[in-house]
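What follows is a short report on a single structure.
In what follows, chains carry the letters A, B, and so on, assigned in the order in which the sequence lines appear, proteins first and then strands, with residues in each chain numbered from 1.
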Amino acid sequence: MKNFFSLNDILDIKKSISEIIDLKKAKNDKSQYINHRGKTIGLIFFNPSLRTRISTFRASKNLGLETFFINISENTWSLEFEDGKIMNASNVEHIKDAARVISQYCDIIGVRSFASLKNKKKDLSEHVLKSFIRYSKIPVFNMESSTAHPLQALSDIVTIKETSTKKTPKVLLTWAPHIKPLAHAVPNSFIRAMKKMNFDLTISNPKGYDLDESITEGVVVNNDQYDSFKNVDYVYAKNWSSYQNYGKVYRDFDSWTINSTKMNLTNNGKFMHCLPIRRNVVATDEVIDSSNSLILKQSENRIYSAQYIIKKLLENE
Amino acid sequence: MKNFFSLNDILDIKKSISEIIDLKKAKNDKSQYINHRGKTIGLIFFNPSLRTRISTFRASKNLGLETFFINISENTWSLEFEDGKIMNASNVEHIKDAARVISQYCDIIGVRSFASLKNKKKDLSEHVLKSFIRYSKIPVFNMESSTAHPLQALSDIVTIKETSTKKTPKVLLTWAPHIKPLAHAVPNSFIRAMKKMNFDLTISNPKGYDLDESITEGVVVNNDQYDSFKNVDYVYAKNWSSYQNYGKVYRDFDSWTINSTKMNLTNNGKFMHCLPIRRNVVATDEVIDSSNSLILKQSENRIYSAQYIIKKLLENE
Amino acid sequence: MKNFFSLNDILDIKKSISEIIDLKKAKNDKSQYINHRGKTIGLIFFNPSLRTRISTFRASKNLGLETFFINISENTWSLEFEDGKIMNASNVEHIKDAARVISQYCDIIGVRSFASLKNKKKDLSEHVLKSFIRYSKIPVFNMESSTAHPLQALSDIVTIKETSTKKTPKVLLTWAPHIKPLAHAVPNSFIRAMKKMNFDLTISNPKGYDLDESITEGVVVNNDQYDSFKNVDYVYAKNWSSYQNYGKVYRDFDSWTINSTKMNLTNNGKFMHCLPIRRNVVATDEVIDSSNSLILKQSENRIYSAQYIIKKLLENE
């Protein structure tokens, strides 16, 4: 791998998942440190982060790396992304220069940059991540971009593999309410992950909330949430804003909150969410805090997914 | 110790003080590093910090720890603390989830969260620190909370022990002017410290500024500042807002600034303050810069107090 | 060296440049680490930074140092610089106390503090850097102050030495347009550097933009930009605001943008800029991206300049 933009950069995902699980099992074996001590990783944030910031820090330290954080526009200059621009407005430095300079100072870069949800074409172009990849001389990985959050998806697969007794678990990705328009990165990557693993995926969302068809292709979309819960092994809850009517939110779906009544329709189903979760909006406390909730396992697995990807990139494997 | 919330978590304070002094003496002996190398400490700030931020960083590095800082609401999501809340307002993540996730990524957490000075009941409940302690699976220590600043108090005791020729020095805690309402954490912890050490403590403050009686119990409170300075060995200056009329400030006490005339009433008394200090408001330059001022020794001792507490927590001693 | 405020703190600049080039050549030799492992460096920013922040981080790590960043007024208290001030306004802590405290917690400090461009006398007094130097008990170095950016200038000399075939290259420092008033630190230090190296320097700027005469003394200033480009080996572009009419900007000089027509007048001249650069305002994309552009080499050399200075200061050489 030269860069890690999406799950498509992984050639054999089943092999990768198995290697991540091995990394986790060997977490107390410090010998993995040796190869990368003295290298430097730069973690660049255009948006807030808790899990990603700290799990990637921990992953980096597990590999012996020196780590710095850059919060763009707070610690440093605001960036221009348009080629050929006459830079007489607010942006002080062009990504072309910033990315090339940063890549002289470290050995690998992670970048987080959310969708604007205002300009669909620009968001889909992934101009921020793609610019870092284009101009950096070193490996770049995605810590959540406009359209993909592949480190989360890897952790989600590992979590299912660790808990499933079936080879082909029945998985439901269900839309859930929220108070703000959210991006499509997490559901996109989760769907790609389930398809690559050949898990039995269904999506449930209200009308008007269908995701990008090029991603959901081949997956049943059920607008009846109650019906969709029946007999599934895993319920992955996530809000997203409209994709067709890009970034818009329809206010009539409060009843889509995940609760115990719905969970009781499943096959003793596990509950999953990428966090942060708005409690009693996306899902009830009862569901989130039940023994069937896997949210902490998902977040713990973020360490090993990041560690695996960083290791592979540094070793150009 | 499982957690370090206040001085009450220390069983034998005199033994601890003596061990902190030993740590300081051995500061050039790097062998103390060995046990904790590879562990990770998370330092979480809801408020600004200079001394605490850097002294705890240095203490952590003295122990070989990897260190990350989180500035809540700046680097990450704003947190909800109310149980059972329908999270449809501005807070994005519940402390229950944030604390459990963070505690998966590191080995020990320090938290700073000042009093609001608006809601007495909430401040006294210490909901921020107590929530971190409740939900974290790893040790949590107090880097100044609503009602306590025990790392400062440990440094203050060490400073007195290092400079006092008496076994039972005569100590004055005196209120001093300020331009903003300040919290009670520092005086509370200082009083607890002096009582635990059996030092001869007096408090001097204007009427209306009496501290929490459950803490000052057994200590003489003198409203005559001049009288209180007579013959003391240590003068600890600190502003605080009203405790009874919670968070309020009375504007008639500018004459309480500590100056040389007052210091001359003491027994060649040493001057102490936790910093930051508003010069020529709390105390005059002459007092702060005199050879009897211990402010730098106090701040230097913050390294060893933090190092001691972190070490004890990691070793669960 | 006890402190590194400007190039004047370096006794033999030619020897230093040669040692920086040696450091760069030995970048894969980790033995330089050994002496300083376990020491701590504090990097203090009053202003944004990308190159300086990361290159100094990398330099510090190359020396085995523990590194912390402080963003003043964001992570910590705002600072007062006036002696004897009654501190009843917005600044919470006096530099006298902050600098002395910080210097107890680490072994060396770097400080960045730009000119205000509002108060010439105050800017020229360099009160921020000079206060840190005055009150710190440990070495302090300049990461760009009101009037000097010596780490940039060292990198610039190294870049010229690495690329020049002449012993005395012909160098042009040319003013270029910008949309905001900028400070004089970079041109000041560049001029000092060229003079110390005995390079053949000319300055070109519009009328009204003459720099501090005590610095430009002995250097030809040409108000005809086209004429100044003729036959030079290096073109160093930089905007600055008026020095006489302090901090003011005259809006009639858009034609001063560096373009290929001008570069074609040179002796196959190299293009230099300290970055960040406003593309197509300061210089055209064509110039910045040409094979004669040295901007990336300049920024890469920031690592080794910083590493050299930090090493010398820690070794008090």
Chain B contact via [X] - which portion, at a heavy-atom distance below 4.5 Å:
X: T67(C); answer: backbone
X: S90(C); answer: backbone
X: A98(C); answer: both

Point-to-point distance, once rounded to the nearest 0.5 Å, from [atom1] of [X] to [atom2] of [Y]:
X: D97(C); Y: I295(B); atom1: CG; atom2: CD1; value: 4.5 Å
X: H94(C); Y: I288(B); atom1: NE2; atom2: CD1; value: 9.5 Å
X: I54(B); Y: T40(C); atom1: CD1; atom2: OG1; value: 10.5 Å
X: N71(B); Y: N71(C); atom1: CG; atom2: CG; value: 8.5 Å
X: R302(B); Y: Q104(C); atom1: CZ; atom2: CD; value: 11.5 Å

Per-residue contact mode, [X] against chain C (heavy atom under 4.5 angstrom):
X: R58(B); result: side chain
X: L275(B); result: side chain
X: R53(B); result: side chain
X: F45(B); result: neither

Tell me whether [X] at atom [atom1] has more than 12 heavy atoms from other residues, nucleotides or ligands lying less than 6.0 Å away.
X: E286(B); atom1: CD; answer: no
X: L124(C); atom1: CG; answer: yes
X: K161(B); atom1: NZ; answer: no

- [ ] Determine, step by step, whether K137(C) and L296(B) satisfy the side chain to side chain contact (heavy atoms under 4.5 Å, CB included) criterion, reporting the C-alpha distance in whole Å, the side-chain angles of both residues, the deciding distance to 0.1 Å, and the verdict.
- [x] CA-CA 12 Å; K137(C) 300 163 184 173; L296(B) 290 178; 3.7 Å; yes

- [ ] Locate the shortest heavy-atom distance separating R278(B) from N91(C); write the atom from each residue and the value.
- [x]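 Between these two residues, the closest heavy atoms are NH1-O, 3.4 Å.
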
Open item on the list: Out of N47(B), D289(B), T52(B), T284(B), return the one with the most heavy atom pairs under 4.5 angstrom to chain C.
Closed with: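 Among the listed options, the one with the most contacts to chain C is D289(B).
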
Check this for me: does any side-chain nitrogen of one of [X] and [Y] sit under 4.0 Å from a carboxylate oxygen of the other?
X: K61(B); Y: D107(C); result: no
X: K96(C); Y: D285(B); result: no
X: E93(C); Y: R51(B); result: yes

Open item on the list: Looking at N280(B) and K85(C), would you say the former's side chain and the latter's main chain have a donor-acceptor pair under 3.5 Å?
Closed with: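 Looks like yes, one N/O pair under 3.5 Å.
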
Open item on the list: Classify the ring geometry of F68(C) against F57(B): parallel below 30°, tilted from 30° to 60°, perpendicular beyond 60°.
Closed with: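 Geometry flag for F57(B) against F68(C): perpendicular rings.
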
Open item on the list: Which one wins on heavy-atom pair count under 4.5 Å against chain B: I72(C), I70(C), N88(C)?
Closed with: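 Maximum pair count with chain B is reached by N88(C).
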
Open item on the list: Is there a side chain to side chain contact (heavy atoms under 4.5 Å, CB included) between S299(B) and Y105(C)? Walk through the geometry before answering.
Closed with: CA-CA 9 Å; S299(B) 59; Y105(C) 296 154; 3.5 Å; yes

